[in-house]
Amino acid sequence: MFDRRSMLANSLFAGAASALPAAALAEVPLPGDDLYARNEDAYWATLRKQFLIPAGVVNLNNGTVGSSPRPVLKAIYDSYELTEQMMQPEPEGYPIWGYGPWTEFRAPFAQLMGARVDQMAVLRNATEANNVVAGGFDMKPGDEVLISDEEHGSGEQPWMLRAKRYGIVVKKFNLPKPALTPADILNRINDAITPKTRIIFVSHISTNSGLILPAKEIAALARSKGIISAFDGAHAAGMLKVDLNEIGCDIYTGSMHKWLFATKGTGFLFVRDKGVMERLWPTTVTGGWDAPARDVDRYSQIGSSNIPAMMGLLAAIKLANSIGIERIEKRHRVLADYLHSEMMKRGSKDLTSPDPAMRCAIATVDMAPVQMHELMDWMWANHRIRVRGGAPSRIRLSTPYYLEKADIDRFLDRFDAFRKMKGIA
Ligand SMILES: Cc1ncc(COP(=O)(O)O)c(C=O)c1O
């Protein structure tokens, strides 16, 4: 069907597409540490210029997907320009680079995440990595995987498929809403473990609420009972400092195109050691997947692959490192704490946690009787403010570092206006 709306959308997209290369590839200087020392807000406002999101647009939905900044776009574009000339010295260099070990891409990302290169595979997204995990361990009918009631479809459904096809059992525990202490979460997991539990699979940061689960303690609990610990860290990479070997989990998955702002279609799978690797079958294989020299890169042997996407990933890591992940995390927390406290003042119900340590750059509240979908459409159509959540009244607010306090104040002001218009406030 070709309706007026899709015609309009297509023509808007065509305009944006033709304008993109020149605007995206223009180099804009990064702010220096001296500016950060003098004026933190000015530093972040300067960084905002790296992003193509038009001035005046407020994106409070970074949880779905991030926006790749200029250095990332330039790296992708340059790489396409180079590879598409087909001038590679080796006849079978590009475009079948899917067969390489990809050490040059894995190593810097592993380092950012507190892991070694031989523990880190680069895949296409968290969904792909979660499917490797759910399909990869030998399990008998009746064996259990324990997950939370807040897993993303990409975390939960691969297990549901396996349950339907092979008879494993998916057992769920409820996360507290809001969570008051890490111990409360840990106790619920402990209570749900049975002699048949083989794997605990939970998000490190909940997609619904932004709650940070106590990953290190969960991993230790699992280990003490001989259970595999696997985390879906789709929101963690680039949002906050993660040290995977300090967490001590067996498996950790995620995407770099959310909070690290890397190329769309970049994800990862961390596997602790050879022992776990020997138990985790790959899902997609091609020649050489089982060669003894292969480490965790056996899970990324998917055939011809997108190397320009990897070049964008490298640029995203470089940008994050040049800012510093601790500095990014601090900024994320400052913005989210402010927004969280303002929503509390407005009478919302907390769905994340009152403990600032248990959240970072996502705060979720129930703002009943405001209707989420009405608010979402109104905010975007009238004010170019993007929010996300779930029916009836759950709103998930993400605070990527490029937002300014004024952006948050604009959202709050419009939120108040919406409630007034509806006769709520
Ligand atoms: C916790 C969690 N896991 C997995 C995913 C899926 O991520 P992707 O689409 O990058 O595979 C998401 C997406 O929002 C998520 O929030």
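Small disclaimer: the values here were computed from a predicted structure and weren't measured. Read the numbers this way: they start at 1 and go in the same order the structure lists the ligands and their atoms.
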Item to check | Salt bridge flag under 4.0 Å for residues Glu151 and Lys172 | outcome: no
Checklist entry - Below 6.0 angstrom between ring centroids: does that apply to Tyr401 and Phe261? => result yes
Checklist entry - Does Phe201 have its ring centroid less than 6.0 Å away from the ring centroid of Phe231? => result no
Next on the checklist: Check the orientation of Trp289 and Trp281. Use parallel for under 30°, tilted for 30 to 60°, and perpendicular for over 60°.
Outcome noted: tilted
Using distance alone, determine whether [X] and ligand 1 share an N or O pair under 3.5 Å.
{"X": "His257", "value": "yes"}
{"X": "Ala126", "value": "yes"}
{"X": "Ser203", "value": "no"}
{"X": "His235", "value": "yes"}

Item to check | Minimum-distance pair of heavy atoms, taken over all atoms of Glu150 and Asn208 | outcome: OE1-CB, 3.7 Å
Checklist entry - Which of the atoms in ligand 1, numbered in the order shown and given with their element, are less than 4.0 Å from a heavy-atom of Ser154? => result 4 (C), 6 (C)
Checklist entry - Quick one: which ligand 1 atoms are inside 4.0 Å of a heavy atom on Ser255? => result 7 (O), 8 (P), 10 (O), 11 (O)
Checklist entry - Does the side chain of Asp407 come under 3.5 Å of the side chain of Tyr402 through a donor N or O and an acceptor N or O? => result no
Checklist entry - Lys258: heavy atom below 4.0 Å from ligand 1, yes or no? => result yes
Nearest protein heavy atom with distance in Å, relative to [atom]:
{"atom": "atom 5 (C) of ligand 1", "answer": "His152 ND1, 3.5 Å"}
{"atom": "atom 4 (C) of ligand 1", "answer": "Asp232 OD2, 3.4 Å"}
{"atom": "atom 9 (O) of ligand 1", "answer": "Thr127 OG1, 3.8 Å"}

Next on the checklist: Could you check whether Arg48 makes a cation-pi contact with Trp44, meaning its NZ or CZ is under 6.0 Å from the centre of the six-membered ring and within 45° of the ring axis?
Outcome noted: no
